[in-house]
Structure formats: structure tokens, C-alpha cells
Amino acid sequence: MEIPKAYDPAQAEQDHYERWEKSGFFRPEINEDPNAVKYSIVIPPPNVTGSLHMGHALQHTIMDVLIRWKRMQGFRTLWLPGTDHAGISVQRKVAEQLREEEGTTPLDVGREEFIRRAWAWKEQYGDTITEQMRREGASVDWSRHRFTMDESLSTAVRSVFVTLYNEGWIYKGLRIVNWCPKDKTVLSDLEVKEETKKDGKLYYLKYPVLSVPPAVAGGAVPSDEKSPPATAGGTDFLVVATTRPETMLGDTAVAVHPKDERYKHLIGKIVDLPLTGREIPIVGDDYVDPEFGTGAVKVTPAHDPNDYQIGLRHDLEQLLVMNDDGTMNAAAGADFDGLDRFKAREKVIERFEELGLLERVEDYEITLPVCERCKTVVEPILSDQWFVKMDEMRDMALELMRTEGVPHFSPQVPHEKVYTAWLENLKDWTISRQLWWGHQIPAWYDDDGNTYVAMTAEEAKEKAGGKELKQDQDVLDTWFSSGLWAFSTFGWTGKGNADAPSAMRAEPERKRADEGVRVPSDLDTFLPTDVLVTGRDIIFLWVSRMIMLTKKFVDKKAFEDVIVTGTVLGKDGKPMSKSRKNGVDPIEMFDKFGVDATRIYLASIATGADIKWNDLLIETYRNFANKIWNATRFCLMNSGKSDFDWSTANESERKKYHEERGPHTLADRWINSRLSKTAKALNKALENYQFHEAVSLIYHFFWDEFCDWYIELKKDEITAGNVLASAHIFWVLDIALRMLHPFMPYLTEELWLKLPGSSNDLHHSAYRDAEASIMLTEFPQGKSGEFVDDQAEAEMQLVIDTIKRVRNIRSEMNIKPSDRVEIHVAGSAETQGILAANEAQIKKLARADKLVLTDSLAVPKASAKAVLTGGAEIAVPLEGLIDFDKERERLQNQIAKLDTELQRLNGQLSNANFVERAPAEKVQELRERKNEIEHQTTTLNANVIALE
RNA sequence: GCCGUCUUAGCUCAGCGGUAGAGCACUCGCUUCACACGCGAUAGGUCAGAAGUUCAAAUCUUCUAGACGGCACCA
């Protein structure tokens with residue numbers, strides 16, 4: 001058989017995905033076992049504007065490993081893909097397109113046309129990431145692909161909104177919200193990031209206090225009762241400190257602590273607010289910290305959350321002085337109207353300086369709220385928005401955690417604690433967004449300002465008694481629809497819809513449906529999903545909301561487990577980002593190293609740990625892929641020499657063949673045992689989401705055990721055309737490739753299909769009729785110790801140790817590889833028997849032409865020696881080649897190493913406390929180890945003396 | 001400010017109560033008929049520092065130092 005010398009990933013990647021997808025292997029319906037247990041995952045929907053980044057690649061790898069593993073175990077698996085409509089991002093992209101291509105704005109084209117363009121944009125660019133997922137080998141069911149603005153998902157959104165509104169969990173009201181002046185929309189708390197600014201300033205402003213008490217207590221003073229401005233001479237000033245001087249234009253009071261001796265006499269007096277001609281009261285409020293700043297606070301109820309609260313307590317005017325684009329408005333005064341907020345700040349300061357009212361300016365480290373997406377400084381502003389009250393749902397989620405420990409986070413620390421703490425302090429959620437792209441809020445208003453919330457415009461009109469209504473112009477936060485993703489993806493649209501028959505249904509179930517039997521819907525079948533795989537950054541934004549909304553609307557857990565992946569950092573150790581230019585494109589990695597190498601590298605990162613990107617590490621796995629390729633290549637190239645008809649050998653025949661035609665060689669029994677233990681450990685690692693452990697197991701089995709030892713031990717038999725030897729190595733290879741398949745799907749499929757006898761006979765029973773593919777074979781379980789053979793492992797260890805000792809001697813003594821040596825071993829009858837049975841292999845791998853087995857050594861003085869665990873002695877006669885000084889040094893080196901260990905053991909064993917209190921078997925173990933070391937040391941010392 | 005994570009071989013990281021591990025890099029030797037994306041053999045670490053618990057600590061506790069993350073912030 002002609003096989004290329006190196007693995008070419010691109011070829012395999014092209015060949016298999018399309019076939020898998022077309023054959024329906026990714027769909028749950030491929031499973032023909034009516035009793036199969038389901039295993040489901042829904043993808044965290046990537047943003048339609050996005051393209052694949054390393055975080056996706058990491059998460060998708062983990063999901064695909066789980067799905068492929070479970071599918072091979074015979075579960076009815078579903079991995080549901082989809083995308084998210086990404087309100088602000090798409091809105092911005094389309095607006096950009098309008099500006100660049102037509103020089104127009106969204107307002108120019110109007111809402112309807114804008115939305116049409118947004119859909120067109122989505123159609124054109126929205127599939128980028130789904131195409132990239134095909135490249136990744138993601139075994140998702142494309143027939144169930146969902147988009148958050150699909151008809152049924154949109155219905156679900158309206159349905160949830162209406163229900164929450166009717167039950168009083170959604171309300172509309174004036175609150176201080178986070179406003180992004182660039183995107184011109186409100187943001188939720190979670191979409192605002194705090195940014196520390198070291199070069200901030202704290203401005204101390206002097207507000208003149210009027211001597212005349214106000215006519216009316218509380219509230220702004222009417223301007224007609226204004227006192228004459230105080231002269232500079234005898235005027236009292238109240239000094240306030242602020243980081244945002246421009247907001248003073250909207251001040252409607254100054255607050256001091258009621259018990260502050262410095263100021264309490266001023267409470268009730270009036271301040272002449274500079275630049276505005278307005279007079280505002282001084283109020284006493286506990287909120288004020290007398291220790292901070294000057295102890296007097298300017299109060300701007302329409303532009304600060306704390307001031308807003310003070311304003312409510314003192315019934316202050318809420319004066320809005322800014323427009324939605326961050327410029328000042330008319331209320332700020334003619335001098336400032338239309339001026340950008342930062343320009344206005346400068347101007348305010350200039351004016352205060354001119355008026356001699358700027359006391360001082362201090363450098364001050366401030367933290368600024370910025371828009372997560374565009375980094376624009378967010379403006380707290382009073383605005384009329386829709387909110388969801390979170391208390392009820394919060395309590396449900398906390399209850400779920402308390403009583404059932406759901407969701408179970410992996411890693412549990414620190415996520416469970418952080419999640420719980422966050423929920424406990426959860427505030428109301430701002431859900432309206434001033435955008436056009438998204439789910440328009442299903443609320444309508446009549447001319448009198450009455451609100452009608454309904455599923456459709458018709459319904460709302462009906463409720464309003466036929467009045468003409470106008471729909472709310474805002475859309476809902478994208479995360480509102482994402483919050484329903486766990487169940488809206490399975491066809492839930494609201495009351496009664498969950499039972500609607502699914503178009504995609506397993507054949508046997510569809511038959512039952514035809515017979516009038518009620519069949520379970522996708523919702524019943526696949527929810528709760530088994531696991532959610534996502535990043536830390538959206539635990540609050542998305543995970544928590546899905547848990548709450550799923551519980552509330554379907555009364556189910558959304559999922560059992562949450563795997564929280566770490567962050568893939570750039571080479572500089574910082575999160576990858578466009579601005580830092582430290583990003584690594586997964587597609588480039590696929591091209592350079594292959595998809596499989598990239599996948600298994602990503603899987604090898606410890607769950608939840610951050611990792612600094614390093615190309616060298618993927619290279620490791622590219623080399624691994626090549627190693628597997630070549631190991632298989634060797635088997636295939638040499639099996640042709642046998643006369644065995646491989647094409648007729650299915651799994652059970654092969655098994656039978658082995659059982660009947662045994663006995664196996666020691667190497668066969670050994671590799672079987674290792675294979676079985678590896679499979680068992682691998683399954684356990686996957687059950688515990690220890691992907692890195694799983695990768696390590698399969699890597700070392702394949703390379704260190706299968707390639708380095710097993711193939712080498714069997715090479716002569718196989719190349720000589722030994723039918724049994726070939727049969728067995730294929731049997732091992734088949735199983736090993738299956739274990740590797742979830743991690744490296746393309747390579748394993750490519751190779752497995754080349755194996756003699758790889759047909760659908762080897763499939764899991766649930767997929768018996770499907771076209772042959774490794775992805776439908778049974779995953780090796782290593783169950784109940786099948787093939788475990790500790791005796792064979794111990795014997796093999798002796799053989800390996802013998803070979804390694806001789807190799808060590810050869811290397812240290814500078815024996816040329818081409819020179820053959822003689823090996824003398826003195827040991828027990830058992831040792832001799834084991835070595836005798838493997839003489840050919842020992843001679844080949846240690847490059848010896850003679851193996852002499854004796855009861856006691858009888859070799860020339862010019863021999864290099866070593867001692868094996870268990871006490872057997874090895875000698876390699878090196879007449880004329882040996883360097884006595886070097887041999888002495890070599891032996892003493894070994895003695896020194898043993899001595900270090902012996903000292904420690906002696907220390908422990910002479911400690912009465914240890915002997916008394918440590919477990920007996922531990923003490924026994926150390927005693928045995930001590931005897932072993934003493935024995936070896938004695939032998940080695942004798943060897944040193946013999947050199948004299 | 002509150003909560004949390006990390007600090008282990010030159011580099012990137014596993015291990016998380018009982019003899020310090022991997023990959024890469026380094027040193028030495030090999031084009032040996034699957035693979036130089038390879039084979040063989042070495043070398044390299046008082047597991048950040050200190051104290052404590054324990055027969056036993058890289059692993060548990062506390063403190064210190066450094067790196068980082070989340071949350072909340074007083075103008």
C-alpha cells in the first residue's frame with residue numbers, strides 16, 4: 001500500500017466533513033436505538049457579526065469532544081448550533097455601511113429600510129462563523145440551526161415579555177441608567193466596564209451662599225424670589241468637589257451631612273448657582289460623608305444615581321442638561337447649548353476661574369464607566385426605560401443552587417461562589433435599547449399615554465378598544481432573547497407550543513406519531529441539556545439569565561453542568577484583542593498545523609485555566625498527528641505481506657480469532673492491559689471534564705507505549721508476515737484510534753477507513769446500518785478490567801528495564817550504534833524465564849547479538865554493570881572498549897542517587913512517630929523500598945570494587 | 001474597598017497530603033528498512049518567602065511579596 005510519508009491535514013479535512021454531514025451523522029435521528037439516552041448541548045450562540053476566535057475554537061473543541069464521545073457511547077446526541085443577532089454590533093455595522101457607501105444615516109433611510117438592510121447584511125455576512133465551524137469539524141446538527149430573530153424565537157421573546165409584564169415583573173420607568181452617547185442607547189450594568197484613569201482631576205468649586213433664607217422650605221426657589229447676588233466681600237461660600245464640573249449646570253441642590261458642625265447652620269439656606277442664574281437649596285442628607293472632599297456635595301439628580309436618590313428624598317427638581325449624543329442641551333444655558341460634554345467641562349472651569357470661584361484643582365485617580373463595546377465614557381442619565389425585576393427569578397436560581405447544587409460549575413471554585421454572590425446582589429435589569437435591529441418591544445401606546453402590552457399589534461388594538469396605537473420604538477436587549485436560548489431553540493414559543501410536533505424526528509418516533517401516539521417534542525427530549533460550555537465573561541450576562549428564565553418559563557433546569565473555560569491569552573500574556581494586535585487567528589493555525597492538532601492542543605489546556613498562546617505547543621500535537629500517521633502507515637505497509645484476508649474480519653470475528661488463535665506474546669498481553677487501563681482512565685477523565693488529563697493519557701499511550709515499545713517489540717514478527725501479529729496490532733490500533741477520535745476527528749477517520757476490515761460492522765449497535773465511519777464506532781470503555789493483566793505488565797517492565805539498562809551502558813560508554821554487544825543477566829529462575837521468552841526482542845532493541853542468562857555473573861573485569869529492580873544483575877562485557885574511570889564514575893553516580901533516597905527513607909523509618917502513626921501498608925512499602933535500595937547499592941559497590 | 005485566582009525545570013504548563021512530572025528548548029550520540037514533524041541517552045527544580053497543622057506538606061491553614069481577575073465605589 002502506498003501511503004505518503006507525512007500526514008497532510010488539509011486533504012483529510014476536505015474529505016470527511018461533508019460526507020459526515022450529508023450522511024446525517026450529526027443528527028440525533030442517526031441513532032436507531034429507541035431506548036437510547038439523550039445527550040444534548042446547545043451552543044453559546046456566536047454573534048452574527050463575528051468570526052471565529054480562539055475562545056470559540058476552545059469551547060467548540062470541548063463541546064465536540066463531549067458530543068463525539070457520547071455519540072460513540074450510543075447516546076442520542078444533539079449539539080444544537082445557532083447565532084445571536086447582536087443588536088448593537090449589527091446596528092453599528094449597517095450604519096457604517098450606509099455612511100461609507102451612500103453617505104446616509106439610519107435616520108435618512110428610516111426604520112423599515114434600515115431593518116431590511118440589516119437582514120441583507122446578516123444574509124451576506126452572518127454565515128462566516130458557521131462556515132468556520134464546519135472547518136473545525138464541529139459535529140453540530142445543522143438542520144436545527146437557530147437564529148435569535150427566527151420567527152419562533154421571536155414569538156418566544158414576545159411571549160415572555162407579555163407574561164412578565166402581566167405578572168408585574170416588567171415595568172417601565174424613569175431611572176438613572178447607563179447611557180452610551182456614541183451608540184445612543186441605554187446599557188445594562190453588565191455592559192459597562194470600569195476603567196481607571198490616573199490623570200483625572202477633582203475640581204473644587206465655590207458656590208456663593210445667599211444670606212436670605214428661602215421663602216419656601218424645600219424645592220428649587222422660584223426665580224422671582226431671588227435675592228440680590230452677594231458681593232464678594234461678605235459672601236459665604238460653600239465649596240463642593242466634583243470630577244464632572246459640567247454637571248453643575250444641572251445641579252438642583254447642595255447636600256451636607258445634617259450633623260456636620262461646619263455646615264449644619266447652612267441647611268435650609270440658598271445657593272446662587274454660578275453660570276445658571278438659578279438658586280438652589282442646601283439640604284441635609286445622611287448620604288454625605290463629612291470626611292470626604294469638602295463635606296459638601298453638589299446634587300444633580302438627573303445625572304447621577306446617588307444624587308437621584310437624594311433628589312427623591314428632598315423632592316428636588318430633576319434637571320436634564322444633556323442630549324442623547326453627549327452634548328449639552330438648552331437647559332444647560334445658552335452658552336453651553338450644543339457643546340460637547342468634555343468641551344463644556346473646560347468651559348465651565350474657565351468661567352469659574354474668571355469668576356474667581358474655582359478654589360483649586362487636584363489630581364485625582366478616578367474610575368470611569370465606559371461602554372464595553374466602543375469604550376465611550378458612559379453617562380449616567382435619567383431616562384424612561386423598561387426594566388425586569390429580578391428578585392423572584394433570582395430567588396428561584398438561588399434555591400436551585402442551594403437544594404440541588406445546579407448548575408454544577410467546572411471548575412467549581414471560584415465560579416459557584418462568584419455566581420451566588422452576584423445573584424444575591426442582583427439589581428433590576430434594563431432591557432430596552434434605543435436601536436432598530438432586534439426584537440421591537442411589544443408595547444403600544446395611545447394618545448393618552450396608556451400602555452398596551454400584547455403579542456401582536458392587532459391584539460393590542462383590541463385591548464385598547466380599537467384606538468389607534470403606536471408601538472414602542474425601542475428593541476429588547478439582545479441578552480433578553482439569549483436568555484431564552486436554552487428552550488426557545490427547542491421550539492418553545494409560549495403557551496401550548498411546546499407540544500407542537502417537531503419536523504426533525506427520529507424515524508421510529510415519527511412512525512409512532514403517524515399511529516396517533518403522542519411523541520415527545522425536542523423540548524421534552526433535549527431539555528435540560530447536559531452541559532453548557534462557555535467563558536467566564538458571560539456567566540452573569542447569559543448563563544445566570546438562562547437559568548432563571550428557563551426555570552420560570554419551562555419550570556426546568558436549563559442544564560446540569562457548566563464548564564467554564566479559561567481565556568486564551570496572547571503571547572504577551574494579555575487577553576487577545578484587536579487593539580493590542582496580539583490575537584491569533586484559529587483559521588491560520590488550522591492552515592499551519594491542521595485542525596486536529598489545534599483541537600487537541602486546545603483540549604490539553606486544563607479546564608478553566610488561562611493559557612498563554614504558544615505556537616510551539618501546537619507543533620507538539622502536529623508532530624503527534626504525524627506520529628500516529630506513521631505508526632498506522634507502518635502497520636498498513638507491512639500487513640500486505642501476510643496472506644490473511646482482512647476484509648472479512650469484523651469485530652466479533654477478530655475477537656474470536658484472537659481467543660482461538662492465542663496465546664498472545666507477552667507484548668500483546670501487556671499492550672492489551674495498558675490499552676484497557678488507558679481506556680478506563682480516559683473515560684473517567686472525560687466524565688470529570690478533565691480534558692487535559694484525557695489528552696495526556698491518549699498521548700502517552702500512543703507515543704510512549706504503542707509506538708516506542710509495542711511496535712518495536714512486534715516489528716520483526718510483523719515484517720516477517722506473522723498473521724497473528726498483524727491481526728493483533730490492527731486490533732489495538734483500531735481501539736486506540738477510536739479513543740483519539742473525539743479529539744482528532746479528521747486524522748482518525750482518515751486512518752481508520754484505511755484499516756483492513758473497518759466497516760460498519762464495527763459500529764456501535766445504535767448505528768449498525770449507517771455508512772462506515774469511526775465516529776459511529778463504539779467508544780472503548782475499558783470496563784470491568786477486561787484485558788487487565790498485571791502479571792504481563794510486571795514482566796514487560798522487566799524486559800523494558802533490561803533494554804534500558806543496556807542502552808544506558810551503551811550510550812555512556814560511547815558504544816557505536818552499529819556495534820553489537822553481549823548481555824549477561826544473573827537472576828532468579830523466574831527472571832531468566834521471562835527474559836528468555838523475549839530474547840529476540842531484547843537483542844534487537846538493545847543491539848546485542850547474545851543474551852546469556854545465568855544464576856551468577858561470570859564476566860571479565862572489563863564489563864559495565866547495572867542492577868535491576870528485584871535484584872537481577874546485568875553485565876555488558878566491553879573488552880578493549882571500557883574506560884574504567886568512566887565506568888566507576890557511572891556506577892558511583894547511580895550509588896549516589898540511591899543513597900539520597902536511602903537517607904530519606906532511613907530518616908522516616910527511624911522516626912518512631914511515623915512508624916506508629918502512618919498507615920501500616922505505607923510503612924511496609926517504605927521498608928521494602930529500603931531493602932531494595934540497600935540490595936542495589938551493595939551490588940553496585942561490589943561492582944566498583946571489582947573494577948580495581 | 002470587598003471577593004477570588006495564580007506564583008513548580010530556561011520557556012509554556014500539569015500535579016494539589018505520602019519517592020517532584022510533561023511538551024518545547026539545552027547537552028551527547030544516531031539518516032537503524034513507520035516517522036528527523038524522528039530514534040536513543042543525559043542534564044536541569046530547597047515547588048515565591050515566612051510561620052503553623054500533620055508521623056508526613058508543592059499539596060491543608062495563616063501571614064508577607066509579586067502578577068492577575070471579578071464586584072462595588074464618596075461627590
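Scope of the values below: all heavy atoms of this structure, side chains included, with no hydrogens, waters or symmetry mates. Predicted, not measured: the structure shown is a model, and the values here were computed from it. Naming: A, B, ... by sequence-line order, numbering from 1 per chain.
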Check: protein-nucleotides 4-8 of chain B nitrogen or oxygen pairs below 3.5 Å:
unit_1: B:rG4; atom_1: OP1; unit_2: A:K417; atom_2: NZ; d: 2.6

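- For the OP1/OP2 pair of B:rA75 and a distance below 4.0 Å, the side-chain nitrogens and oxygens of A:Y364 include at least one atom meeting the criterion.
- Of the candidates B:rA22, B:rG18, B:rC74, the closest approach to any side-chain atom of A:D289 belongs to B:rC74.
- An aromatic stack links A:F292 and the base of B:rC74, using centre distance under 5.5 Å and interplanar angle under 30°.
- Judged by the 6.0 Å distance and 45° axis criteria, A:K627 is not positioned over the aromatic ring of A:F706.
- The minimum heavy-atom distance linking A:F743 with A:F691 is given by the pair CE2-O, 4.5 Å.
- Taking 3.5 Å as the limit, the base of B:rC35 and the side chain of A:K5 contain no donor-acceptor pair of atoms between them.
- Listed candidates were B:rG23, B:rU19, B:rC37. Nearest to the side chain of A:Y699 is B:rG23.
- Contacts with RNA chain B (heavy atom under 4.0 Å) in residues 810-817 of chain A: A:S811, A:E812, listed by number.
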Pairing string, 5' to 3', for RNA chain B - Watson-Crick or wobble contacts under 3.5 Å, brackets [ ] where pairs cross, | to another strand: ((((((((.[[[[.)..(..]]]]..((((.......))))......[[[[[..)....]]]]])))))))....
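- For the residue pair A:A864 and A:M813, the shortest heavy atom distance occurs at CB-CG, 4.5 Å.
- In this structure, A:R929 does not pair ionically with A:E932, as no charged nitrogen and carboxylate oxygen lie closer than 4.0 Å.
- The separation of B:rU59 from B:rA14, taken at their C1' atoms, amounts to 13 Å, rounded to a whole angstrom.
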